[in-house]
2 protein chains.
Amino acid sequence: MLNYLESSNELLQKRGYRLTPQRYMILQVLQEAVGHLSIDQILEGVRKSYPHMNLSTIYRTLELLREVGLVREIHLPGEGVQFEIFADHAHQHLLCHGCRALIHLDADLLGNLPKQIELQYHFYGVTLDLLVAGYCEKCWSTMNAFNTSG
Amino acid sequence: MLNYLESSNELLQKRGYRLTPQRYMILQVLQEAVGHLSIDQILEGVRKSYPHMNLSTIYRTLELLREVGLVREIHLPGEGVQFEIFADHAHQHLLCHGCRALIHLDADLLGNLPKQIELQYHFYGVTLDLLVAGYCEKCWSTMNAFNTSG
DNA sequence: GTTCGTGCAAATACTTTGCAAGTCG
DNA sequence: CGACTTGCAAAGTATTTGCACGAAC
C-alpha cells in the first residue's frame with residue numbers, strides 16, 4: 001500500500017511538514033495493524049525495524065498526524081489512548097462493565113446516521129463511534145446476586 | 001434525592017462495603033452535577049464542604065463505585081477521564097476534530113438499538129454511547145484549503 | 001478484635017517540554 | 001541559511017500504592 005503513504009506525504013507537505021522516516025514508520029505500523037494500537041504497541045512496532053525510536057517522537061508524531069487528519073485517537077473505558085489510521089468507517093464496541101471484555105461489533109447498526117447528522121448539524125467527514133456497555137451474561141448474574149434484595 | 005443515596009448505601013452494604021462520608025459526598029457531588037465531571041471537578045466539589053478530601057480517596061472511591069455499578073467513566077478525545085452517576089440513558093456527543101468543540105446531542109438517534117443488542121448479544125443493562133466526530137463547517141473549510149490539490 | 005477505609009507520603013506511569021544537533025528545501 | 005525534526009534528559013501530570021491510624025461491624 002505505497003499509495004497510502006505517498007498521499008500522506010503529499011498532505012503533510014501541503015501543510016508544511018515532512019514525511020520523515022520516523023513518521024513514515026509510525027504510519028506504516030498503524031497501517032499494518034488490524035485495529036487500533038496503544039502508544040506502547042506503536043513504539044514496539046517501530047522499534048522492530050528502528051530500535052532507536054524515541055517515545056517523545058511517537059507522541060509528537062501522533063499529535064501531528066491527528067491534527068492533519070491522518071490518524072485518530074480512540075478511548076475506551078479502562079484502557080489508555082489508542083490510535084489508528086483515520087478511516088471512514090464506524091467503530092462499534094461492546095464492553096462488559098464487569099469483566100471489561102471488549103467485543104468488536106461488525107453489523108451495520110447505524111445505517112445512514114452519518115448522512116443524517118451531516119445534514120442536520122453541518123458537520124462534515126463524520127465518523128461514528130458507538131460504545132455499547134453493559135454486562136455479559138456471567139457478570140450480570142454476579143451483579144444480581146448482590147442486587148436482588150435478600 | 002435521598003432515595004438514591006440510600007439505595008446506594010444498600011447496594012454497597014450488600015457487597016460488603018460501607019457508605020462512608022467520603023463516598024457519600026462523592027456520590028452527592030456527582031448526582032448534583034448536570035453531566036459528567038473530571039476527577040478535579042469532583043475533588044473541588046467535595047472540598048467545598050470537606051476541604052480535607054484527599055485525591056487518592058477520590059480515585060479509590062471512583063474505582064469502587066464503578067466496579068459496583070454506581071458510576072461510570074466516560075472518555076472523550078482530548079480530555080481526561082470523566083465520571084457520572086450510572087444512568088440508563090444514551091450519551092451522544094458531536095465532536096469537531098479541528099477545534100475540539102463538543103456538542104451534546106439530545107435527539108433520540110439510536111431508537112431501539114439497546115434492546116436489539118441485548119437480545120442479539122446476551123448483554124444486559126446496556127447503555128449506548130455515541131461519539132460522532134467530524135469537522136464543523138469552519139474547520140472543514142480550513143482543512144480543504146490544504147487538502148484540495150493546488 | 002477484625003475488617004474496612006482514609007490521609008499522607010512516596011512510588012509509578014504517562015505525557016510534555018527545552019535544547020543542542022541533524023536534515024531538507 | 002532557515003524552518004522543520006529528532007533524541008535525550010528533565011519537568012510536569014496523572015494515577016497507584018504502602019502504611020499507620022481511626023471507624024464500623
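In what follows, chains are A, B, ... by sequence order, proteins preceding strands, each numbered from 1.
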Rounded to whole Å, please give me the gap between [atom1] in [X] and [atom2] in [N].
| X | N | atom1 | atom2 | result |
| --- | --- | --- | --- | --- |
| A/Leu55 | C/dT12 | CG | C1' | 15 Å |
| A/Gln82 | C/dC14 | CD | P | 13 Å |
| B/Leu43 | C/dC8 | CG | P | 12 Å |
| A/Ile58 | D/dG7 | CD1 | P | 9 Å |
| A/Met25 | D/dT6 | CE | P | 9 Å |
| A/Met53 | D/dT5 | CE | P | 14 Å |
| B/Glu63 | C/dT6 | CD | P | 14 Å |
| B/Glu73 | D/dT15 | CD | C1' | 13 Å |

Kindly say if [X] contacts the phosphate of [N], meaning a side-chain N or O under 4.0 Å from OP1 or OP2.
| X | N | result |
| --- | --- | --- |
| B/Gln13 | D/dA24 | no |
| B/Thr20 | D/dA23 | no |
| A/Ser56 | C/dT16 | no |
| A/Tyr59 | C/dT15 | yes |
| A/Tyr50 | D/dG7 | yes |
| B/Thr57 | C/dG7 | yes |

Response to the item:
CG (B/Leu65) and CZ (B/Arg72) are apart, to the nearest 0.5 Å, by 14.5 Å

Discussion item. So that I can tick it off, tell me whether A/Glu63 and A/Arg60 are bridged by a salt bridge, with the cut-off set at under 4.0 angstrom between side-chain N and carboxylate O.
Written reply: no

Worksheet item: Is there a donor in the side chain of B/His36 and an acceptor in the side chain of B/Glu73, or the other way round, less than 3.5 Å apart?
Response: no

Worksheet item: Any side-chain donor paired with an acceptor under 3.5 Å for A/Ser38 and A/Asp40?
Response: no

Discussion item. Donor-acceptor check, side chain of B/Glu84 to backbone of B/Leu30, threshold 3.5 angstrom: yes or no?
Written reply: no

Worksheet item: So which one's nearest nucleotide on DNA chain D is more toward 5', B/Asp40 or A/Asn54?
Response: A/Asn54

Worksheet item: Checking only heavy atoms, does the side chain of A/Arg60 share a donor-acceptor pair with the base of C/dG18 at less than 3.5 Å?
Response: yes

Practice prompt. Look at the side chain of B/Arg18 and decide which nucleotide, out of D/dC25, C/dT6, C/dT15, has an atom nearest to it.
Written response: D/dC25

Worksheet item: So which one's nearest nucleotide on DNA chain C is more toward 5', B/Arg23 or B/His52?
Response: B/Arg23

